[in-house]
Each structure stands twice: as structure tokens, then as C-alpha cells.
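In what follows, chains carry the letters A, B, and so on, assigned in the order in which the sequence lines appear, proteins first and then strands, with residues in each chain numbered from 1. All values below come from the heavy atoms of this structure, side chains included, with hydrogens, waters and symmetry mates left out.
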Amino acid sequence: MSEILAVRNLRKSFGPHVVLDGIDFSVDEGKVLTIIGASGCGKSTLLRTINGLEAFDGGEIVFDGERLGPGTDWRRVRSHIGMVFQSYDLFNHLKVIDNITLAPIKVQNKRKEEAEEIAMNLLRRIRLDDKRNAYPRELSGGQKQRVAIARALAMQPRIMLFDEITASLDPEMSQEVLEALLELAATKMTMIVVTHEMGFAKAIGDDLLFMDDGKVVERGAPRDFFAAPRTQRARRFLSRFEYQI
Amino acid sequence: MRKLSGFAAVIAAIIGFSGLPALAADAQDSIAAIKARGFLKIAVFSDKPPFGFVDKDGKNQGYDVYFAKRFARELLGDENRIEFTLTEPANRVDLLESGRVDIVLANFTVTPERARRVDFAKPYFKTAIGVVSNDKTPVKKVDDLQGKKLIVIRGTTADVYFSKLSGIELVKYDQISDAFQALRDGRGAGLAQDTTLVLAWANENKGFSVGVGDIGNVDPIAPAVRKGNTELRDWINDTLVKLGKESFARQAFDATLKPYYGNVEPENLIVEGGNF
Amino acid sequence: MPFSGAEILFDPANLARLGEGLIVTVRIAAISIVFAFLFGMVIGVIALSRSGFVQIPYQLFLQAIRIVPQIVWLFLFFFGFARLLGWNWSGETTGIVVFSIWGAAEMADLVRASISSLPAHQTQSALALGLARSQIYLHVLIPQAVRRLIPASINLATRIIKTTPLLVLITIVEVLKVGQQLIEAKILTNPAAAFWIYGLIFVIYFLICFPIAVLSRRLEAKWSAQ
């Protein structure tokens with residue numbers, strides 16, 4: 001398995017507040033990395049530094065053999081890194097199909113027919129092909145997030161980043177989105193999934209990072225982590241979820 | 001009208017034109033320049049009959065226009081060698097200062113304030129306050145109003161003038177039309193307003209006459225040129241004197257004002273030969 | 001005699017003159033609105049920059065246009081520039097320039113406010129897809145902003161149309177002034193002229209502004225269905 005993404009000693013501060021305090025990890029092609037941690041631990045910022053939405057202060061990010069940083073042609077890199085956010089971020093003025101084909105047509109210069117064919121294949125995979133001409137406001141929250149996933153996948157990215165994409169959904173809708181992620185993982189798509197759904201983190205990940213206060217506190221196989229967390233901080237974090245389950 | 005003129009002055013003050021040199025306007029309105037150009041640029045009203053208005057054929061007419069045409073004939077040999085610019089009370093001074101016209105002939109009352117910014121020639125018309133009254137109870141002189149009610153329009157020269165006199169009760173209206181209706185209804189012994197207006201109204205309303213037409217300050221109305229253009233001002237003055245010898249103002253009155261004022265004696269209104 | 005004086009409306013010469021005035025009104029307003037919307041879009045997008053080099057001139061421009069009445073700008077451009085700089089622009093040119101600048105300033109602020117009120121995630125997710133800034137404005141932000149802009153920009157267009165009577169002060173004879181000329185010329189023989197002429201002009205303004213209002217309502221209805 002070849003390494004597609006490596007993050008070494010990554011540091012980032014907002015003024016005096018240290019958000020990322022020397023993060024190290026790597027992701028192999030075809031693997032799923034889950035990141036958990038309390039809100040404000042820096043996991044969202046970490047994702048956003050990987051595709052250049054956020055600059056970093058120190059350390060390095062190597063994507064597919066290329067060092068990323070100031071001077072990087074982020075547009076080119078981003079077209080290989082898909083990202084889906086927590087908030088519904090479909091383009092409200094565009095139909096579902098046009099949401100998905102916009103970037104392939106404008107960024108990759110694909111012909112409309114070709115982009116639409118890719119889009120329809122993706123819509124069939126998430127079973128929303130009947131919504132091709134719907135506008136975002138006609139979709140449920142879960143449907144919107146699934147279309148957002150399809151929109152990112154239409155760029156045929158090397159890696160997908162998911163930033164708490166079920167956090168705004170009620171449990172039933174979360175379920176359909178999480179199932180879509182599991183199906184995607186089964187296709188050997190490389191993914192980094194930031195989530196607060198512990199059961200899901202246990203089920204999907206090949207590898208897991210537990211972050212606290214800008215640091216990676218624990219790293220390992222999800223099953224081992226949830227069965228026997230090694231650190232006090234991880235135990236305290238997990239205990240908070242027990243009464244919820 | 002007076003309100004608008006005040007507004008124009010405020011605007012000019014904001015922009016700060018006053019006192020600044022008129023670079024562009026210089027020498028474009030000298031008599032030689034006008035002759036070379038071949039036509040006079042004259043500002044007149046387009047909606048103030050009988051002084052300056054547009055007739056049904058779209059042609060400029062009126063007392064002011066009558067003078068304007070004669071000036072063109074005297075200077076250029078043809079009364080049609082004029083480019084008329086439509087003016088409003090609020091922009092007469094600016095039209096001259098900016099050099100967009102040579103002469104303003106737009107019922108322009110001479111005031112000290114205006115005379116600081118433009119040069120007035122000799123007058124060709126004058127205005128005062130007149131009182132129109134019902135012929136059954138005529139008001140022939142100001143004393144006839146003692147102990148009676150007088151209708152005025154709020155904020156006008158007549159309002160200001162009669163407010164200073166004692167023994168006359170003022171009934172004030174905001175709208176001219178309301179004020180005239182009040183006179184018809186007998187809510188006052190008379191109505192005081194600019195002589196020109198009461199004369200025109202009395203002419204149209206049988207049973208009413210202007211018994212007194214020269215109250216208060218008699219204001220001269222004169223052509224105006226850009227400040228400092230003494231050459232053109234002197235030419236206008238000489239021309240007015242010359243025209244006085246043929247009673248030109250009287251001819252202009254008969255041709256333009258008489259239909260509006262009827263058979264009144266023009267002495268209270270016209271100025272012949274610039275002789276105020 | 002409920003219709004006495006109405007004959008003033010049936011004189012072809014009067015109607016022809018009102019028509020000429022109307023053409024002047026519509027021509028100046030229409031050209032100004034087109035320029036205002038075009039420049040307003042561009043300036044509004046530029047004004048989204050937080051840089052002081054953009055914000056300071058932009059705010060000065062916007063506030064100057066807003067604080068100083070349009071009539072003063074008309075005077076400045078028509079009389080002031082003629083006097084101080086020797087620019088003898090015609091009244092119509094001056095009117096179009098001043099109304100375009102005024103409209104562009106107002107439109108720019110509408111565009112700026114409208115785009116910045118869009119959720120930040122619209123830009124973020126477009127960036128994440130690899131779209132360039134210019135593509136994001138063109139395909140994501142401006143199309144959504146325009147939908148929000150419709151009511152306010154229609155309001156701006158009708159304001160520009162309704163401000164055209166000010167142009168008489170820079171010697172332009174537009175439809176309302178023609179109306180006043182017709183009324184005053186008949187003041188002694190047809191006291192009801194004002195009623196009929198102003199009535200007709202009311203109808204004319206309504207006929208200009210009403211279709212614009214209808215169009216905007218249609219667009220709003222269409223887009224709110226999305």
C-alpha cells in the first residue's frame with residue numbers, strides 16, 4: 001500500500017491560541033482514517049489545512065509526493081481532494097445535476113454530456129437519480145449531504161475529506177448518509193472522516209486518531225481504541241459518550 | 001419661486017462656485033464672440049406665461065421672449081438668431097456663471113444678493129404688491145383695509161409686508177388656488193399678491209378688480225449677464241434706451257401681456273427705456 | 001361638466017410634445033440604469049475586499065454619493081465643470097453621467113451586501129471543488145446574489161426613473177416639464193388642464209414602472225420556488 005498523504009509536525013495558531021500542536025499521521029491509499037475528539041480540539045482545522053482552505057504555520061503536508069504550502073497551486077490540488085462540510089453547502093440556485101457537473105465542466109473542462117453521465121452514475125449509486133432536476137430546497141438534509149458527496153466524487157478525487165457531515169442531521173437522516181459513506185469505503189476510496197458518531201467511527205475506520213487540544217493523543221485500530229483506550233484523556237472522552245449510547 | 005432661489009444659493013455655496021474664477025466662461029460671451037458665433041444664447045422660462053412660455057406650436061413666447069428677439073435683431077440682424085435655453089428660477093445665476101448662456105431674460109428681479117453674482121442691465125419691467133377685491137366693496141388704497149381681513153399666501157412678500165402693518169387682520173393660505181377661492185367666498189376684503197398675478201386673475205374673474213397695484217417696494221426686473229461682462233451689459237442698456245424712443249416696452253405689453261391683464265394701464269408694470 | 005378641459009389631451013400637437021418629453025425621460029433613465037447596473041456589479045464585487053486600499057475609497061465614494069443630493073451633483077457636473085474645467089457637456093450627457101454614477105454607487109452597495117450575506121460555506125465548498133475565485137463569483141455567488149437583489153434593484157431603477165424631473169434644472173425638457181408648459185400655457189383658458197395633464201403623466205409613469213414591478217414579482221416568484 002502506498003502512502004498518499006503524510007502530515008508531519010503540523011502546527012497552526014490563531015493568534016495566541018495554538019490549534020494544531022505538532023500533528024503527525026499518514027494515510028495509505030484505499031484506507032479510511034477516522035478522527036475523533038472534543039469540539040475545538042483542532043480536527044476541523046486539520047482537514048481544512050490539507051486542501052489549503054486554512055494556511056499552516058509549520059511542519060509539512062505531503063500529498064501524492066508533493067509538498068503543499070505557500071506557492072502551491074491549490075486549485076489543481078483541490079481538484080484531487082474532495083471535501084464535504086457539516087453545513088448544507090449545495091449551490092441553491094442550481095439543480096442537483098448542475099451542482100454536480102459545475103466543477104467537472106469549469107475546472108476539468110469536461111464536456112457537458114460527459115459530466116452529466118458521470119453525475120448520473122453517481123446519483124444512481126446514492127439512489128437519487130430521480131432528483132436530478134430538483135433544486136436543493138426540495139431535498140431533505142440527508143439527501144442534500146448525499147448530493148454533496150456525489151458532487152465531490154464527480155471530480156474523481158484521490159482522497160475524500162468529511163468534516164462532521166452528519167452533525168446537523170437527525171439520527172434517521174444520519175443513518176442514510178453514514179450508509180453512503182460505508183458504501184464508498186467499500187469501493188476502496190481513500191477517506192479521512194471527522195466524526196462524533198462513535199459507533200460509526202468503530203465500524204468504518206481502518207485507523208483512528210484521537211485528538212485533544214491540538215495534539216494526536218492516541219492512534220491505532222478503532223477496535224483496540226474503543227476496547228481499551230491507553231490514555232486517561234481518551235478514557236475521559238469516551239466516558240462522556242457512554243450514557244448517550 | 002423664492003424658496004427655490006434660496007436653495008440654488010445654498011447649492012452654489014456648497015459647491016463653492018462663488019468667488020472662484022470663471023475660467024471657461026471668459027470671452028465666450030463678448031460681443032465679438034457672439035457675432036462670430038452667429039447667435040445669442042438666451043435663457044427664458046418655458047412655463048411662466050405671459051413672460052416666457054411655450055405656445056401650442058412649441059415656440060417660445062412672452063414678454064421676455066419679445067425682448068430677446070429684438071435684442072437678436074439689433075445685434076445680429078435677425079430675430080431668429082437665438083438659442084433659447086429653458087431655465088428655472090433656481091438655476092438662472094448658474095447658467096450665466098457657467099457661461100452656458102449670454103443673457104438671462106426670465107422675469108429676473110434685481111436683488112442685492114443676486115447683483116453680487118451677476119450684472120443686471122437696466123430694467124424693462126417692474127413688480128410690486130397689488131390688492132384684488134370684489135367690485136362691490138373695492139379696495140382703492142391700503143387705508144381701505146383698516147379693520148378688515150386681507151387674504152395672503154403664507155411666506156410671500158405680501159405676507160411679510162402686511163404683517164408689519166397694524167390694524168389689518170391677515171388670513172393666510174398655503175395654496176394660491178385656495179387663497180383665490182377664499183376671496184370668491186368673501187372670506188376677506190381683498191387678496192394681496194404680486195401685481196402681475198392679481199391682474200391676470202382679475203382679468204379672468206368678472207366682478208373683481210385690482211384697485212391698488214403699487215404697494216411696498218417696487219422691484220425692478222432686468223436682463224442679466226455674467227458678472228464682469230460690462231461690454232454686453234452696456235450694449236443692452238444702450239439698446240433699451242434706444243428702444244424706449246419707440247415705446248418698445250409698450251408694444252411688448254400690448255403684444256404679450258394685454259391678453260392676460262386686460263385693459264389695465266401698463267404704467268405700474270412696464271419700464272420704458274430702462275428708466276426706472 | 002366632469003370632463004371639461006379634457007380636450008387638452010386630444011390635441012395631437014400636445015401629445016406629440018409629451019411624447020418627445022417621454023422619449024427624453026425614458027432614454028436618460030434607461031441608459032443610466034444599464035450603466036448603473038453594470039458598473040454597480042463590478043464595483044460591488046471589488047468592494048467585498050477588506051483591504052483599506054479598497055474600503056477607504058469605496059466608502060468615501062458611497063457616502064459622498066449618498067450624503068450629497070442628486071441635484072447638487074447635477075449642478076456640479078453641469079455648471080461647475082463647465083465653469084471650472086470648461087467641460088460643456090450637454091444636459092442629457094450630464095444627466096446620464098450623474099444618474100449612472102449615483103445608480104452604480106447604490107447598486108454596488110446592494111451587490112456587496114447581497115453577496116456578503118450569502119453563507120461563507122458557499123465559497124468554501126466551491127473553493128474545495130477547485131473553482132477559481134472568478135468562477136466562484138460568476139457561477140456561484142453572483143447568480144445567487146442577483147436573486148436576492150431583485151426587489152432592491154427594481155426599487156433603485158424606479159427611483160432613477162422618478163428622479164428624472166430634477167433634470168429640468170440642467171435645462172432638460174422631460175415629460176413632466178412638457179406637462180407644466182402645456183398646463184401653464186392654458187392656465188387662463190383651461191383651469192382643469194393641470195388635472196388632465198398630470199393625470200396623463202401619472203398614467204405614463206405608472207405604465208413605465210408597473211411592468212418593471214410585475215417582471216420583478218414574476219422573477220421573485222420563480223426563484224423562490226427553487
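Other residues, nucleotides and ligands contribute only 12 or fewer heavy atoms inside 6.0 Å of the CD1 atom of C:I56. With a 6.0 Å radius and a threshold of 12 heavy atoms from other residues, nucleotides or ligands, A:F25 has its CZ atom above the threshold. Heavy-atom neighbours of C:Q63 CD from other residues, nucleotides or ligands within 6.0 Å: above the threshold of 12. More than 12 heavy atoms of other residues, nucleotides or ligands sit less than 6.0 Å from atom CZ of C:F61. For A:E172, the CD atom counts as loosely surrounded, since its 6.0 Å shell holds 12 or fewer non-hydrogen atoms of other residues, nucleotides or ligands. Crowding of A:R124 atom CZ: a count of heavy atoms from other residues, nucleotides or ligands under 6.0 Å exceeding 12. No more than 12 heavy-atom neighbours from other residues, nucleotides or ligands sit within 6.0 angstrom of CZ on C:F202. Residue-environment remark: CZ (C:R66) exceeds the threshold of 12 foreign heavy atoms within 6.0 Å.
Interface remark: A:D89 contributes backbone and side-chain atoms alike to the contact with chain C (heavy atom separation under 4.5 Å). Only the backbone of A:L90 has a heavy atom closer than 4.5 Å to any heavy atom of chain C. Both the backbone and the side chain of A:R151 come within contact range of chain C, judged by heavy atoms closer than 4.5 Å.
Two residues are said to be in side-chain contact when any heavy atoms from C-beta on lie closer than 4.5 Å; C:H121 and A:Q86 fail this criterion.
For chain C, the option among A:R76, A:H80, A:R78, A:M155 with the highest count of heavy-atom pairs below 4.5 Å is A:R78.
Of residues 125-142 of chain C, those residues with a non-hydrogen atom less than 4.5 Å from any non-hydrogen atom of chain A are, in numerical order, C:S125, C:A126, C:L127, C:A128, C:L129, C:G130, C:L131, C:A132, C:Q135, C:H139, C:V140.
For the atom pair CD (C:Q124) and CZ (A:R48), the distance works out to 4.0 Å, reported to the nearest 0.5 Å.
C:F206 pairs by the ring pair (Phe, Tyr, Trp, His ring centres under 6.0 Å) definition with C:F210, not counting sequence neighbours.
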